[in-house]
Amino acid sequence: LAYSSTEGRVEKQASAAIGSGELALVITGIRQMTSTIRAYELRSEDGRDLPLAEAGAHIEVPALLANGILVTRQYSLTTDVGRRNVYEIAVRCESGGRGGSQAIHDTWQLGTLLRASLPINHFPLHADSRPAVLIAGGIGITPFRSILIETIRTGGLAYRVGVFYANRRPRDAAFLEEFRHLAEQAHEPICMAVQEVSDERVSPSAPEGSPGLSLRSGVTDARSPLAV
């Protein structure tokens with residue numbers, strides 16, 4: 001069965017599911033976040049609540065390569081784990097990669113049925129009082145979204161959290177404005193530094209020996225997480 005939404009109704013058409021995992025999902029939403037990143041909204045095929053997922057968790061999803069080989073790829077859940085009706089993952093299309101992300105962008109559509117794994121968490125925040133410093137480049141930011149949402153929803157942690165998020169260009173940064181907003185909402189201090197790293201050559205007036213790399217940053221909270 002495949003599903004397409006028409007004015008709030010769900011229509012069913014014959015189709016085969018991709019993959020062999022134990023979790024039956026259907027794609028109910030797709031949004032283009034940047035030129036290379038798409039977010040996919042996943043819901044239970046039968047409309048029931050999805051398995052509980054911890055902040056920082058991921059799922060393994062199937063991708064059918066152009067040569068017909070079925071592979072699996074791991075993607076972090078970016079959604080608020082308090083919501084049991086939907087998962088969301090963000091997939092960056094890597095044109096020079098192994099083909100999994102390209103296959104997802106090429107073949108996943110609204111109504112596509114997937115057989116994915118249950119949520120797996122190898123990235124939980126610690127429970128003691130040590131501060132947490134989260135460092136991400138590009139699409140590596142995805143697990144931090146659910147962690148920050150959970151931190152805010154539960155009233156904060158007993159320690160400081162710092163987030164460093166680097167991208168080549170602001171337009172490449174998924175969740176950028178939302179992360180800034182989350183940092184401002186936090187009950188406990190969350191320091192967020194957003195850095196833009198570009199390939200532009202430095203100005204001719206720069207001192208001799210300056211590297212051909214420019215680095216600019218915008219900081220939501222000027223306090224350094226390394227100083228907590």
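- For Ile120, the side chain to side chain contact (heavy atoms under 4.5 Å, CB included) partners at least two apart in sequence or on another chain are His58, Glu60, Ser117, His122.
- Pairing each heavy atom of Arg130 with each of His126, the nearest pair is O-NE2, 2.6 Å.
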Criterion side chain to side chain contact (heavy atoms under 4.5 Å, CB included) on Ile18 and Leu70, from CA distance to verdict: CA-CA 8 Å; Ile18 303 173; Leu70 183 66; 3.6 Å; yes

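- Residue Tyr165 is grouped with residue Phe123 when hydrophobic side chains (ILVMFWY) are merged at heavy-atom distances under 4.5 angstrom, including chains of intermediate members.
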Please tabulate, for the side chains in residues 136-148, all donor-acceptor contacts under 3.5 angstrom to protein atoms that are two or more places apart in sequence or on a different chain.
{"unit_1": "Thr142", "atom_1": "OG1", "unit_2": "Ile139", "atom_2": "O", "d": "3.3"}
{"unit_1": "Arg145", "atom_1": "NE", "unit_2": "Glu178", "atom_2": "OE1", "d": "3.1"}
{"unit_1": "Arg145", "atom_1": "NE", "unit_2": "Glu178", "atom_2": "OE2", "d": "3.0"}
{"unit_1": "Arg145", "atom_1": "NH1", "unit_2": "Thr78", "atom_2": "O", "d": "2.5"}
{"unit_1": "Arg145", "atom_1": "NH2", "unit_2": "Glu178", "atom_2": "OE1", "d": "3.4"}
{"unit_1": "Arg145", "atom_1": "NH2", "unit_2": "Glu178", "atom_2": "OE2", "d": "2.7"}
{"unit_1": "Ser146", "atom_1": "OG", "unit_2": "Gly56", "atom_2": "N", "d": "3.0"}
{"unit_1": "Ser146", "atom_1": "OG", "unit_2": "Leu77", "atom_2": "O", "d": "3.4"}
{"unit_1": "Ser146", "atom_1": "OG", "unit_2": "Pro143", "atom_2": "O", "d": "3.2"}

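- A search for side chain to side chain contact (heavy atoms under 4.5 Å, CB included) contacts involving Asn85 returns Arg43, Arg83, not counting sequence neighbours.
- Clustering ILVMFWY residues whenever any of their side-chain heavy atoms sit less than 4.5 angstrom apart, transitively, puts Val81 in a cluster other than the one holding Ile59.
- What you find for Ser44 and Val26 is that their closest heavy atoms are O-CG1, 4.0 Å.
- Judged purely by distance below 3.5 Å, without hydrogens or angles, the side chains of Ser101 and Glu94 never pair a donor atom with an acceptor atom.
- Closest non-hydrogen pair, Pro62 versus Gly19, comes out as CB-CA, 3.6 Å.
- In this structure, Leu64 CG and Ile104 CD1 are separated by 11.0 Å, a value rounded to the nearest 0.5 Å.
- A single hydrophobic cluster is not seen to contain both Tyr87 and Leu52; linkage of ILVMFWY side chains at heavy-atom distances under 4.5 Å, directly or through other members, places them apart.
- For the pair Ser20 and Arg115, the tightest heavy-atom approach, listed with the atom from each and the gap, is N-CB, 3.6 Å.
- In this structure, the side-chain hydrogen bond (donor to acceptor under 3.5 Å, both in side chains) partners of Glu177, at least two apart in sequence or on a different chain, are Arg180.
- Tyr40 and Val86 are members of different hydrophobic clusters when ILVMFWY side chains are connected at heavy-atom separations under 4.5 Å.
- Between the CG atom in Leu50 and the CG atom in Leu23 there is a gap of 6.5 Å [rounded to 0.5 Å].
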Check against side chain to side chain contact (heavy atoms under 4.5 Å, CB included), Leu113 and Glu45: CA-CA 8 Å; Leu113 297 181; Glu45 185 182 338; 4.1 Å; yes

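- Side-chain contact between Glu41 and Ile30 is absent, with no heavy atoms from C-beta onward closer than 4.5 Å.
- Arg31 contributes no side-chain N or O that, together with a main-chain N or O of Ala39, makes up a donor-acceptor pair within less than 3.5 Å.
- Smallest separation of non-hydrogen atoms from Met33 and Ala174: CE-CB, 3.9 Å.
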After noting the C-alpha distance and the side-chain angles of Tyr75 and Val61, does the key distance pass the side chain to side chain contact (heavy atoms under 4.5 Å, CB included) rule? CA-CA 8 Å; Tyr75 290 100; Val61 299; 3.7 Å; yes

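- Atom CG of Leu114 is separated from atom CG of Leu25 by 6.0 Å, given to the nearest 0.5 angstrom.
- To the nearest 0.5 angstrom, Leu134 atom CG is 6.0 Å from Leu125 atom CG.
- Residues Leu65 and Trp108 do not share a hydrophobic cluster, defined by chaining ILVMFWY side chains whose heavy atoms lie under 4.5 Å apart.
- Sorted by first and then second residue, the pairs that involve residues 62-81 and meet salt bridge (charged side-chain N to carboxylate O under 4.0 Å, His left out), not counting sequence neighbours, are Asp80-Arg153.
- A distance of 10.0 Å separates OG1 in Thr107 from CD in Gln102, rounded to the nearest 0.5 Å.
- For the atom pair Thr36 OG1 and Arg92 CZ, the distance stands at 4.5 Å (nearest 0.5 Å).
- For Glu54, there are no salt bridge (charged side-chain N to carboxylate O under 4.0 Å, His left out) partners two or more places apart in sequence or in a different chain.
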